Every structure is written in C-alpha cells, then in structure tokens.
> 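Sending over a structure as structure tokens; questions will come in a sec.
No hydrogens, no waters, no symmetry mates; every other heavy atom, side chains included, goes into these values. Since we're looking at a predicted model, the values are computed, not measured.
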Amino acid sequence: MAITLNQVPSMTLEEFFNYDDGTDAMYELEDGELLSMPAESERNQRIAMFILVCLVQLGIPSSQLRMKTEIVTTGSRVRVPDLVVFSEELATVMEGAKRSTVMPEMPPPLLVVEVVSPNQSNRDYRYKRSEYAARGIAEYWIVDAIQERVTVLEWVEGFYEEKVYTGDNAIASPIFTDLTLTAAQVLQCH
C-alpha cells in the first residue's frame with residue numbers, strides 16, 4: 001500500500017517503546033499517533049508531589065508509588081498519569097522491570113491521578129476516563145486547578161461513578177479511606 005503525503009504511518013506499541021528522538025521529551029500513544037506531552041507547570045508539579053507526600057504519610061510504601069509511569073490502557077494507547085499507586089501484586093510484578101510500563105497482562109493500578117493541563121481537559125475528562133475504566137483501574141482522580149475541583153471516579157461494575165469536590169469539601173477516597181484532604185488543600189488554594 002502506498003502512503004500519500006497526507007498519511008502518517010501508525011505507530012505500533014513496539015515502535016513506541018523503541019522510539020527515541022534524542023530528547024528527554026515524554027510522549028503518550030493514542031491509536032498509533034505519538035502525542036507530545038508538554039512540560040508540566042510548576043503548580044501541577046506541586047499538586048502531584050503534595051498528593052504523593054500525603055500518600056506516603058498514610059503509610060503507602062514507596063514500592064507502590066510512581067510518578068510518570070506508562071500504562072497501556074486499551075489497544076495501542078499508552079497513557080502517562082502524573083501519579084500512580086500500584087497494588088502490592090503490581091509492585092511485585094514491576095520489580096526489576098527495565099521500563100516503568102504497566103502492560104495489559106499485568107494487574108491494574110489501584111489509583112491514577114491526572115493533573116489537568118491547559119488545553120488537555122478533553123483527554124483527562126473524556127478519553128482517559130473511558131480507557132482507565134476499561135483497564136479496571138479502581139480509582140481515578142482528575143485534579144483540575146483551572147476549574148478548581150477534584151473529581152474522584154470509583155470503578156463500579158465496569159464504569160466510573162463520579163464525585164466532584166471543591167473548596168473545603170473533604171475528599172472521600174474509596175480506596176484510601178484514611179486520607180483526610182480537602183479540594184482546597186490538593187489544589188493548594190491556601
């Protein structure tokens with residue numbers, strides 16, 4: 001089959017895993033298309049780090065916590081959430097891995113956290129939501145400093161049930177029930 005100038009060949013998972021453009025740029029893969037991930041804002045990095053520290057304070061071992069780990073979600077889609085919490089089983093499977101990638105045959109993470117970047121809300125609210133649900137990820141947080149809200153999605157019978165938190169509303173994590181945070185604390189509003 002001839003490729004015209006307007007067609008771009010689709011990238012396979014194997015090609016994605018072997019891709020190196022000589023930079024430190026991060027990419028996601030969406031249906032064979034390489035998507036460049038813009039550098040995180042200082043605020044987004046602070047938010048992700050704050051949540052990580054809170055999880056450490058809850059006693060979650062560092063072997064179960066990751067930042068910027070790749071997750072193969074559905075088909076030829078690879079996502080890179082800001083923060084991931086592994087189950088004990090997944091942490092054991094990942095020991096000694098050459099690349100921090102959760103493959104489809106591995107157990108799903110317990111929690112993924114996406115901190116919304118400008119012009120990326122469709123990916124976080126729509127596409128990743130359905131992909132993470134299809135992957136069976138028990139809990140998905142969408143932290144949106146732009147709209148000043150934290151959306152907690154709980155996986156129930158194959159779909160996510162959503163609760164939105166703003167201001168001084170205490171966030172209820174279905175998995176981490178001892179977590180005591182408000183949306184304002186996570187968003188670092190004060």
> State, yes or no, whether a side-chain contact exists between L52 and L65 at a heavy-atom distance under 4.5 Å.
yes

> Starting from the C-alpha separation in whole Å, work towards a yes-or-no answer on salt bridge (Lys or Arg N to Asp or Glu O under 4.0 Å) for R46 and E40.
CA-CA 10 Å; R46 273 195 334 265; E40 289 292 338; over 6 Å; no

> Check for a donor-acceptor pair, side chain of T23 on one end and backbone N or O of A25 on the other, with a separation under 3.5 Å.
yes

> Does D82 use its side chain to pair, donor to acceptor, with the backbone of V115 at less than 3.5 Å?
yes

> Report yes if the side chains of T151 and D144 come closer than 4.5 Å at any heavy-atom pair, otherwise no.
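When only atoms from C-beta onward are counted, D144 and T151 do not touch, as no gap falls below 4.5 Å.
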
> Just by distance, do the side chain of Q45 and the backbone of E42 share a donor-acceptor pair under 3.5 Å?
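Checking the backbone N and O of E42 against the side chain of Q45, no donor-acceptor pair under 3.5 Å is found.
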
> Shortest non-hydrogen contact from S63 to A91?
O-CB, 3.5 Å

> Do any N or O atoms from the side chain of S130 and from the backbone of Y127 form a donor-acceptor pair under 3.5 angstrom?
yes

> Would you say the side chains of E114 and Y132 form a donor-acceptor pair under 3.5 Å?
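Yes, because at least one side-chain N or O of E114 sits under 3.5 Å from a partner of the opposite role on Y132.
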
> Grouping I, L, V, M, F, W and Y whenever their side-chain heavy atoms are under 4.5 Å apart, do V80 and Y125 come out in a common cluster?
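Different clusters: V80 never reaches Y125 through Ile, Leu, Val, Met, Phe, Trp or Tyr contacts under 4.5 Å.
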
> Yes or no on side-chain contact (heavy atoms from CB on, under 4.5 Å) for S173 and V152, after CA distance, side-chain angles and deciding distance?
CA-CA 7 Å; S173 168; V152 175; 5.7 Å; no

> V112 and W141: side-chain contact (heavy atoms from CB on, under 4.5 Å), yes or no, with the steps?
CA-CA 6 Å; V112 294; W141 287 24; over 6 Å; no

> What verdict does the side-chain contact (heavy atoms from CB on, under 4.5 Å) test give for V186 and I171, after you've listed the backbone C-alpha separation in whole Å, the side-chain angles of each residue and the deciding distance to 0.1 Å?
CA-CA 9 Å; V186 169; I171 295 169; 3.8 Å; yes

> Measure the spacing between CD1 of I146 and CZ of R149 and express it to the nearest 0.5 Å.
10.5 Å

> Looking only at heavy atoms, which two atoms of E139 and I175 are closest? And how far apart?
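Smallest heavy-atom distance, with atoms named: OE1-N, 3.0 Å.
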
> Taking everything shown except E105 itself, do over 12 heavy atoms lie less than 6.0 Å from its CD?
yes

> Under 4.5 Å between side-chain heavy atoms, hopping through other hydrophobics if needed: is there a path connecting V164 to V116?
no

> From L187 CG over to Q147 CD, what is the distance, rounded to the nearest 0.5 angstrom?
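Reported value, rounded in 0.5 Å steps: 11.0 Å.
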
> Let me confirm one number: the OG-CD1 distance from S41 to I47, rounded to the nearest 0.5 Å.
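Reported value, rounded in 0.5 Å steps: 7.0 Å.
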
> Verify whether one side chain among S10 and E33 offers a donor that lies under 3.5 Å from an acceptor in the other.
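No.
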
> Quick one: CE on M94 to CE on M103, what's the gap to the nearest 0.5 Å?
10.0 Å

> Walk me through it: do Y27 and Y19 pass the test ring-ring contact (aromatic ring centres under 6.0 Å, His included)?
CA-CA 10 Å; Y27 297 94; Y19 182 75; 5.6 Å; yes

> With rounding to the nearest 0.5 angstrom, report the CG to CZ distance, L29 to F17.
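Between L29 CG and F17 CZ, I get 8.0 Å after rounding to 0.5 Å.
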
> Does NZ belonging to K68 count more than 12 external heavy atoms closer than 6.0 Å?
yes

> Any chance you could lay out the salt bridge (Lys or Arg N to Asp or Glu O under 4.0 Å) test for R79 and E30, step after step, and finish with the verdict?
CA-CA 8 Å; R79 298 301 186 185; E30 189 173 286; 2.6 Å; yes

> Does the pair V56 and S62 meet the rule for a side-chain contact (heavy atoms from CB on, under 4.5 Å), with working shown?
CA-CA 7 Å; V56 168; S62 61; over 6 Å; no

> If I compare all heavy atoms of L153 with all of E162, which pair ends up nearest, and what's the gap?
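Result for this residue pair: CD2-CB, 3.5 Å.
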
> So, K128 and E28, do they make that salt bridge, N to O below 4.0 Å?
yes

> Any donor and acceptor pair, going by atom type alone, linking the side chain of E70 with main-chain N or O of V78 inside 3.5 Å?
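No; judged by distance alone, with no hydrogens or angles, the pair does not exist.
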
> Looking only at non-hydrogen atoms, find the nearest pair between R135 and V72 and report the distance.
NE-O, 3.3 Å

> Do L90 and P108 have side-chain heavy atoms sitting under 4.5 Å apart?
no

> Do you know which two heavy atoms are closest between R129 and Y140, and how far apart they sit?
CA-CE2, 3.7 Å

> Flag the pair T182 / Y165 as yes when at least one side-chain heavy-atom distance between them is below 4.5 Å, and no otherwise.
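They are not in side-chain contact.
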
> Are any of the side-chain heavy atoms of T69 and P81 separated by less than 4.5 Å?
no

> Is the closest side-chain heavy-atom distance between V143 and V113 below 4.5 Å?
yes

> Going by heavy atoms in the side chains, are L83 and R66 under 4.5 Å from each other?
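The answer is no, as the side chains (C-beta and beyond) never meet within the 4.5 Å cut-off.
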
> Determine the minimum heavy-atom distance between P109 and V102, stating which atoms define it.
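What the structure gives for the nearest pair is CD-CG1, 4.4 Å.
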
> Under 3.5 Å, side chain of W155 to main-chain N/O of I137, donor-acceptor pair present?
no

> If hydrophobic clusters are built from ILVMFWY residues whose side chains come within less than 4.5 Å, do L34 and M37 share one?
no

> Report the distance from atom CD of Q57 to atom CG of D178, rounding to the nearest 0.5 Å.
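Rounded to the nearest 0.5 Å, the CD-CG separation comes to 13.0 Å.
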
> Does atom CE of M26 have more than 12 heavy-atom neighbours, drawn from other residues, nucleotides or ligands, at distances under 6.0 Å?
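Above 12, so yes.
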
> Do T12 and S76 come close enough that some side-chain heavy atom pair is under 4.5 Å?
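The answer is no; the side chains never approach within 4.5 Å.
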
> Verify the cluster assignment for L35 and F16: are they in a single hydrophobic cluster under the rule of side-chain heavy atoms below 4.5 Å apart?
no

